[in-house]
Structures are given as C-alpha cells and as structure tokens.
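Down below is the structure, laid out as structure tokens.
Chain letters run A, B, ... following the sequence lines, proteins first, then strands; residues in each count from 1. Remember, it's a predicted structure, so these values are computed and weren't measured experimentally.
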2 protein chains.
Amino acid sequence: MSSGEMDGEQVTIRHVAARAGVALSSVSRTLTGHPDVSPAMRQKVEEAVEALGYEPDLLAQSLRSGTTRTIGFIIRDIANPLFALVARACEQELRRNGYSMILMNSDGSVETESKNLLLLRRRRVDGVIASLVAEDSPYIKKTILSLRRPLVLLDREMKDLNASAVITDHYTGVYDATAHLIKMGHEEVAFVTGAENVYTTRDRLRGFRAAFQDAGRPVPEKWMALGGFDAEYALIHTRNFLAKTPRPTALITGGIGSTAGALRALNELGLQIGKDIAFVAIDEWPLFDVFTPPISSVYRDAKAMGGEAAHLMLEMLNGKEPSESIIETKFTVRTSTDGGL
Amino acid sequence: MSSGEMDGEQVTIRHVAARAGVALSSVSRTLTGHPDVSPAMRQKVEEAVEALGYEPDLLAQSLRSGTTRTIGFIIRDIANPLFALVARACEQELRRNGYSMILMNSDGSVETESKNLLLLRRRRVDGVIASLVAEDSPYIKKTILSLRRPLVLLDREMKDLNASAVITDHYTGVYDATAHLIKMGHEEVAFVTGAENVYTTRDRLRGFRAAFQDAGRPVPEKWMALGGFDAEYALIHTRNFLAKTPRPTALITGGIGSTAGALRALNELGLQIGKDIAFVAIDEWPLFDVFTPPISSVYRDAKAMGGEAAHLMLEMLNGKEPSESIIETKFTVRTSTDGGL
DNA sequence: GTGAAAGCGCTAACAT
DNA sequence: ATGTTAGCGCTTTCAC
C-alpha cells in the first residue's frame, strides 16, 4: 500500500529500518541523500519504503530542523479580488519552492491581526507576508518586532522593522488620472478612499495633490473622504458628496471596496458615470473590461505583486538582506471620465 | 520581553522550569490547566513564563499529540470571487475554533491537486476541505482514500469516500431560470459551462433539461458547450454560437469564469444583454448589483458554503459521522433576461 | 559505510 | 501535589 499507514498506525522510519534489517540512521541517511550510502543499503531501504508506503513526517522533520517550510499570509480580506490575485500568485510561487501558505484574514481589525501574528509565531512559520490594517499601531509594531522572522509587507511603509516590502508607485498613476480630469476642466474632484494611516492612501494623495498644484489649481480638500477601504464607507460618503450643491463633477475611488461602494451610491442616485459625473477607479475589478461604460482606471499588476512578495520572502530565507520591490501603476483613459461638467 | 526568545535562542519549557525552580512536568501541567496544581506552583510558573516571555511551541505539541489544528483547503483558484468568499467564511469559522487553514490552489490541474493532497498528508493536517477539479479521476480517488483524515467536499459527489459534503441544489435555480426563458418564448437557449465530470454541471444540466421537458419542448442540445469553467473556454464557445445562423436567442452561463468569458464575447460582438440576447448568469459576481443592465442570476450564498464546510469539518473532528449540507439557489429576474427575440 | 544514542520541545504515565 | 522518565518521528553527531 502507499498510504503511509497500516491498520490506522502510521508507518515510521522505525518500521522501515526493521523491515530492511538496518539501523534507523541508515534509513534517514538514504532518504536525505547522504553520500555515504552503499548501493546495497539504498536497495534495501527503497524496497522497504515502497513496501510499507513510508512517508516522512514533515512535523517531526520540522521539530528537528527548526524550519517548517511554511509561510504565514495575513491579509485584510481574501475576498477582495485584487488581494485574491496577489494571494494566488504568491501561493503558486511559494509552492513551487517547497513552501506552503497559511492564510489568515485579519477582517480589518488590528486585534485579529495581532492575534494572527502571534499564532503564526507559535506555529513556527519560517516567514510572514502581510498586508497590515494600519501602520500607526504601536502594538502591532511591537508584535512584529517580536516575530524575529523574515517579513514581507505589502504596500506598507514602516521604519526600523528590517522587513522587505512590495511597494506600489501609486503616485504616478493617480497623478496622471488627476491631471487628466483637470485637463478636461474639472476642479471639484472628489476622492473617496481609506485612511492616511497606510502608505497606499498617502502615496495616492500625494499624486492627487501634486497634479492640482502643478496645474496651479487649488486642491479640493473638502471633497476628500479618507476613512475606510470598505464599500460601506464609500457608499455613505459618495452619497453625501453628491447630495451637496454644488456637487463634485468628478470622482476618484481608491481601492476595490471604495469603487464598489461608490458605484452603488451612483447607481442608487441614478447618476451615470461618463455622463453625469466623470469617474476614475484606482485598482481594477476583474470584470471591468465588460462594464458599460468602460471605466477609466489606475491599474497595477496584482499577480506581479504576489510573485514579488514570494520572491522577496525566498531571498530573505536564503539569508539575503531585506529589500524593496516597486510595482508600477498605469492610468488608462476610457469613457467613464467623460461628462460631468 | 515577550518574544519567546532571548539572544536568538528559543525559550522552552525547560527554561521556565529552571527559572521557577520546579520540574518540567509541573510547568506543563500548569499551562495545560491540569487540576492538580497548587496556587503556589501556579504563581511561580506564571511569574517565570511572564519574565521569560515563554510561548508553547505548537510544533512540539503537535508531534506529541498527533494533531496539528491545521486544515488543508484545496481549491481550483482562489481568485474566483465566489470561492474567495467561501474561503474567507471557512477560514474565519475555523480560526474561531482554533484551527488554521493551509491554502493551496490546484490551478485546475489534477496533478497539482494530487500533489497538494499528498503534501497536506505529510504535513499531518487534521482534515481537508476541497473543491476538486474532477470527480472521475481514479488517481485522485485513490489519493483521497489514502488520506485517512476527515474530508469535506465542496459541490462534489463521490461514492465510497466516507466524506462530508457541501452540496448546492443547482437544480431548482437553473430550472426556474430556464422555465422563465421558455415562458418568455425562447427555444434556442445556449448553455455554456464546465464539464460533466463534476456534480455542479450535472445538476445544473438536470434543471435545464427538466424545464424544457416539463414545457413539452425539445432540449436544445446543440447549444450546449460543456467543456470548461474558465473564461477562455466560454469566450470561444459563446463567440462560436453567436456566429451561427440562426443563433441562440438566450444564453445561460454556469459559473463565475464562464460568465466573464461570455460577457467578453458579447461585448466584442457588440451584442447587448437584455436587448439583443437574453442572459442569465449562474453564480453572482460581487459587483453584479451595479451592472448595467442588471443581470438576472441564479444565486447561492457563498458565505454559507464556507461556514458549512468548516462546520462539517469540525463535526467530523469531534468524531461525528460524515454528513451533507445543502445550499439553496434562487433565480432572480432582472432586466438582462429581456429581449433576444 | 553503518549502527547506537542523544535530543528537538512537549505531554502523560508512573512514581513518590 | 510534584518530580522523574519515556517517547512522539526524525536527523545528526559520534563511535567503530
């Protein structure tokens, strides 16, 4: 049989040794590819392994070696389509290199995130890849410092952590998008997204402001809603903004959830994007290509982000120093940026 | 400190025992809540644990106990928004019960799926939750039988496996959707989805056929494309069908990927759903509520699926016999089912 | 080249 | 109520 078990009993290296009539250590040597193994020995061991369906216990190997070949992946919400793409690419790359991924959702809560980090440490994962809820929680920072394992951050900026990071250049994409709106004649551009306690928002905001400044126009600070990446927040604040008179003539949403919430609000109010209001989404929903009208967007390659995260992790596991990897963004004009004026 | 390490050395139960001036086993007893522990002992141990920042090693506990409090989750593709919702709900429920989830994508390949199953076994996971690529692979079946751990299948029907299953009642939803189209006057209804080697497709097909039979109409067998759940397959076959003369007047797509592919094809051909062709999607994309026109759909609760999967797993881990849980589907008429005739 | 034995960190007998 | 010891399955000295 090949199940690694007989009669519900696990087959251990002991059984193999007994069956082959050799010592435990010889079986281990043979299986781990030690050079000092005679062909005769190899033969006997392989026969026994085959006959018993022996399979090394990764748990025991881990305890012995101190390495689990396991990476923790902490994310706010795996149901965010962008992060699902990141997670998929990351898992694939880690798996190709012999690592497994333990997935944990932090549900947008620093407490859960913290608990997850501690649990991963107790599970002795070899490293952690995380998209943190916030950068300004001293508690999380302390927890992270206590991890003492390679860490890769996704789109976060934190000092003194000795961590690698996959950083998105939001600035460029958002700058281009905003400049385009300004060129079309928009002054009252609303911006709905998450809070400034993450790099993501700060870098986008930097691009947004710079575009206005470079155009010699005042930054429309009153049309900024920077409170949450969730759809609910965007729904409420988009609704709010559009109820005012005068109202914004254009809208930029930062993030998958914000876009969903804003589109819901617009739908509810009967406002058509690309006609009643100009609209730009930062980050693309998977189905954006068949939306009507086609949505102008700031795109980034989620697959590359996941691959890079895995790559940076593997490098650190190989003893390299932490480093950063930059992901580009690209603004694409489609028809949702028409109208509004 | 609270890191569980000093000078890079892990703090073990040994250090705690030494510091507290007691025996190893007393520390263990105190920490595992054994009744025979004096208040004085508890005091000493807790002081030492606190002072050293001791943290039990889950790996060592696992080796000892034979249980890892870890569940393997195998899925075709975590970037499928429906499955991402399933995974999220499942992870949350497992986590609440002290289990962690190891996520593996099978990338639609039986080989990868098989390797993943074997790896999970070697990792000594306590159970596996899986959405299998196919039901008719004898190799997978053998691998599964050799798992000898609780197994929960998502939307799959396999005999003699002693597994629990979360089963969707696709029949009802698809029957209603098809009956609606027939009532609207459609005879040439196309159906684009995955292959019949999974329950999902077979049950949907059953509903599709039954609706025609009950209406006394011939089942439009020639408009069936049952080859793959991926968007690419749907794109090609939708394109194909619509190039014919006469062409189908209505289209049903089964699954997230199929819907995406079909919508792409329709977009490409300049055909508007709800006008040039009647359209029903089985399973909803997260953003469907803001699509124009609103898409008629067969809905199922992905969150409930994930929760049920976790629930069935936890029951089996508590020694209960395998069982099934049925998830309902509901057809909702929106405007995409107008037109086409 | 092979075997015997120690030990990774922990828990559960078994003593006392 | 507490201490001593064996052992989970494995790898790695250390002898020979």
Inset, instruction - Answer yes if the side chains of A/Asn105 and B/Glu91 hold a donor-acceptor pair under 3.5 Å, and no otherwise. - result: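 Their side chains do contain a donor-acceptor pair, which is all the 3.5 Å distance test asks for.
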Inset, instruction - Side chain of B/Tyr54 only, please: which of D/dC10, C/dC10, D/dC8 is the nearest? - result: C/dC10
Send over the distance from [X] [atom1] to [N] [atom2], rounded to a whole Å.
| X | N | atom1 | atom2 | value |
| --- | --- | --- | --- | --- |
| A/His15 | D/dC10 | NE2 | P | 10 Å |
| B/Arg123 | D/dC10 | CZ | P | 15 Å |
| A/Leu31 | D/dC10 | CG | C1' | 11 Å |
| A/Leu63 | C/dC8 | CG | P | 9 Å |
| A/Glu9 | D/dC8 | CD | P | 10 Å |
| B/Leu52 | C/dG9 | CG | P | 14 Å |
| A/Arg124 | C/dC8 | CZ | P | 14 Å |
| A/Arg14 | C/dA5 | CZ | C1' | 11 Å |

Inset, instruction - Check side-chain contact (heavy atoms from CB on, under 4.5 Å) between B/Ser137 and all other residues, then give those that pass, not counting sequence neighbours. - result: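 So B/Ser137 forms a side-chain contact (heavy atoms from CB on, under 4.5 Å) with B/Val110, B/Tyr139, B/Ile140.
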Legend entry - Under the salt bridge (charged side-chain N to carboxylate O under 4.0 Å, His left out) test, residues paired with A/Glu157 that sit two or more places apart: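 For A/Glu157, the residues satisfying salt bridge (charged side-chain N to carboxylate O under 4.0 Å, His left out) (neighbours in sequence not counted) are A/Arg202.
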Inset, instruction - State which residues pass salt bridge (charged side-chain N to carboxylate O under 4.0 Å, His left out) with B/Asp107; sequence neighbours excluded, sorted by chain then number. - result: A/Arg95
Legend entry - Pair listing, side chain to side chain donor-acceptor pair (under 3.5 Å) test, anchored in residues 303-323 of chain A, at least two apart: A/Glu308-A/Ser325
Inset, instruction - Would you mind classifying the nucleic acid contact of B/Thr32 as base, sugar-phosphate or nothing, using non-hydrogen atoms under 4.0 angstrom? - result: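 If one applies the 4.0 Å heavy-atom cut-off, B/Thr32 turns out to touch the sugar-phosphate alone, with no base involved.
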Between the protein and nucleotides 2-4 of chain D, list every N/O to N/O distance that falls short of 3.5 Å.
residue, atom, partner, partner atom, Å
D/dT2, OP1, B/Ser38, OG, 2.6
D/dT2, OP2, B/Ser38, N, 2.8
D/dT2, OP2, B/Ser38, OG, 2.9
D/dG3, OP2, B/Ala23, N, 2.8
D/dG3, OP2, B/Ser26, OG, 2.7
D/dG3, N7, B/Ser25, OG, 3.3
D/dG3, N7, B/Arg29, NH2, 2.8
D/dG3, O6, B/Arg29, NH1, 3.1
D/dT4, O4, B/Ser25, OG, 2.9

Inset, instruction - Could you note down all residue pairs passing salt bridge (charged side-chain N to carboxylate O under 4.0 Å, His left out) where residues 14-30 of chain B supplies at least one of them, sequence neighbours left out? - result: B/Arg19-B/Glu47
